[in-house]
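Encoded as structure tokens, the structure appears first; notes follow it.
Computed from heavy atoms alone, side chains included, the values below leave out hydrogens, waters and symmetry copies.
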Amino acid sequence: EEEVERICANARLVGTFEFVDAVAERDAKRAWETLGAIFDHGLADYKRPGRVVTNEGSIAMSLLGALSWRLGQLQDIRSALDAGTREFEAFAAAKVFGPRQEAMRRTIRKHTSASLRAAMEALFQVNLELRSGHDRRTAIEKMASSICRK
């Protein structure tokens, strides 16, 4: 029974935003574990239950697209807060409501404008590396590590 539980836990499919949330929250350990699970077992496609994305190029583009969207959202919120906008209004403008708002509140506290700018630079750098033929997994691990450190 324990062996079955261990196998199921190791084979669990991970979604794009599990990785994105880990990186945005600057949790390197969780980001690397999630990324490892994604590249080892495939990426869960929540739009089409039961479908697994295993093509590394597709995985990389899904991760980078979602991370780009999240970092942009965080930059918008951080800029609004730095400009003196009330928190409620900043989150409403970024279309973050309900339970997601509390998670984003915790995440935004871990970032400054400079750290978000550095995260976007790391994202653009990995895009260039991928276009130059670098190993996808290694390049994304490097980017995640860079974002989590800054």
> Can you name the salt bridge (Lys or Arg N to Asp or Glu O under 4.0 Å) partners of Lys29, sequence neighbours left out?
Replying inline: Glu33
> Atom CZ in Arg70, atom CG in Leu67: separation rounded to 0.5 Å?
Replying inline: 9.0 Å
>> With a 4.5 Å cut-off on side-chain heavy atoms, are Arg136 and Ile59 touching?
In response: no
> Judged by atom type as modelled, is there a donor-acceptor pair below 3.5 Å linking the side chain of Thr34 to the main-chain atoms of Phe19?
Replying inline: no
>> Within this structure, what is the NZ-OG distance for the pair Lys142 and Ser146, rounded to the nearest 0.5 Å?
In response: 8.5 Å
> Looking at CG of Leu128 and CD of Gln125, how far apart are the two atoms once the value is rounded to the nearest 0.5 Å?
Replying inline: 5.5 Å
> What is the distance from atom CD1 of Ile140 to atom CG of Leu130, rounded to the nearest 0.5 Å?
Replying inline: 5.5 Å
> If you take all heavy atoms of Gly42 and Val52, which pair is closest and at what distance?
Replying inline: CA-CG1, 3.7 Å
>> Tell me whether His111 contacts the main-chain N or O of Leu71 through its side chain, where contact means a donor paired with an acceptor under 3.5 Å.
In response: no
>> With a 4.5 Å cut-off on side-chain heavy-atom distances among I, L, V, M, F, W and Y, is there a chain of contacts connecting Met120 to Val20?
In response: yes
> Who are the side-chain hydrogen bond (donor to acceptor under 3.5 Å, both in side chains) partners of Glu25, not counting sequence neighbours?
Replying inline: Arg30
> Does one hydrophobic cluster hold both Ile38 and Trp32, with members joined at side-chain heavy-atom distances below 4.5 Å?
Replying inline: no
>> Using the side-chain hydrogen bond (donor to acceptor under 3.5 Å, both in side chains) criterion, which residues pair with Thr138? Sequence neighbours excluded.
In response: Asp135
> Taking only residues two or more places apart in sequence or in another chain, which ones pass side-chain hydrogen bond (donor to acceptor under 3.5 Å, both in side chains) with Asp82?
Replying inline: Arg78, Ser113
>> Just to verify, what does Ala114 make a side-chain contact (heavy atoms from CB on, under 4.5 Å) with, not counting sequence neighbours?
In response: Thr112, Arg117
>> Applying salt bridge (Lys or Arg N to Asp or Glu O under 4.0 Å), can you list everything that pairs with Glu56, at least two apart in sequence or on another chain?
In response: none
> So which heavy atom on Ile147 is nearest to which on Ala122, and how close?
Replying inline: CG1-CB, 3.9 Å
> Quick one: side-chain contact (heavy atoms from CB on, under 4.5 Å) partners of Ala28, sequence neighbours excluded?
Replying inline: Cys148
> For Ser68, which residues count as a side-chain hydrogen bond (donor to acceptor under 3.5 Å, both in side chains) partner, sequence neighbours excluded?
Replying inline: none
> Is there side-chain contact between Asn127 and Leu123, with heavy atoms separated by less than 4.5 Å?
Replying inline: no
> Are side-chain heavy atoms of His134 and Val126 found at a separation under 4.5 Å?
Replying inline: no
> Counting only N and O atoms by type, is there a donor-acceptor contact under 3.5 Å from the side chain of Ser145 to the main-chain atoms of Glu141?
Replying inline: no
Show me the side-chain donor-acceptor pairs of residues 102-109 shorter than 3.5 Å, one per line, residues at least two apart or across chains.
{"residue": "Glu102", "atom": "OE1", "partner": "Arg105", "partner atom": "NH1", "Å": "2.6"}
{"residue": "Arg105", "atom": "NE", "partner": "Glu87", "partner atom": "OE1", "Å": "2.6"}
{"residue": "Arg105", "atom": "NH2", "partner": "Glu87", "partner atom": "OE1", "Å": "3.2"}
{"residue": "Thr107", "atom": "OG1", "partner": "Ala103", "partner atom": "O", "Å": "3.0"}

> How far does CZ of Phe124 sit from CE of Met143, to the nearest 0.5 angstrom?
Replying inline: 12.0 Å
>> For Ser62, give me all partners under side-chain contact (heavy atoms from CB on, under 4.5 Å), at least two apart in sequence or on another chain.
In response: Thr16, Leu43
>> Would you compute the distance between atom CZ of Phe91 and atom CD of Gln73 and round it to the nearest 0.5 angstrom?
In response: 9.0 Å
>> According to side-chain contact (heavy atoms from CB on, under 4.5 Å), who are the partners of Phe97, at least two apart in sequence or on a separate chain?
In response: Ala92, Lys95
> Can you name the residues that form a salt bridge (Lys or Arg N to Asp or Glu O under 4.0 Å) with Lys110, not counting sequence neighbours?
Replying inline: none
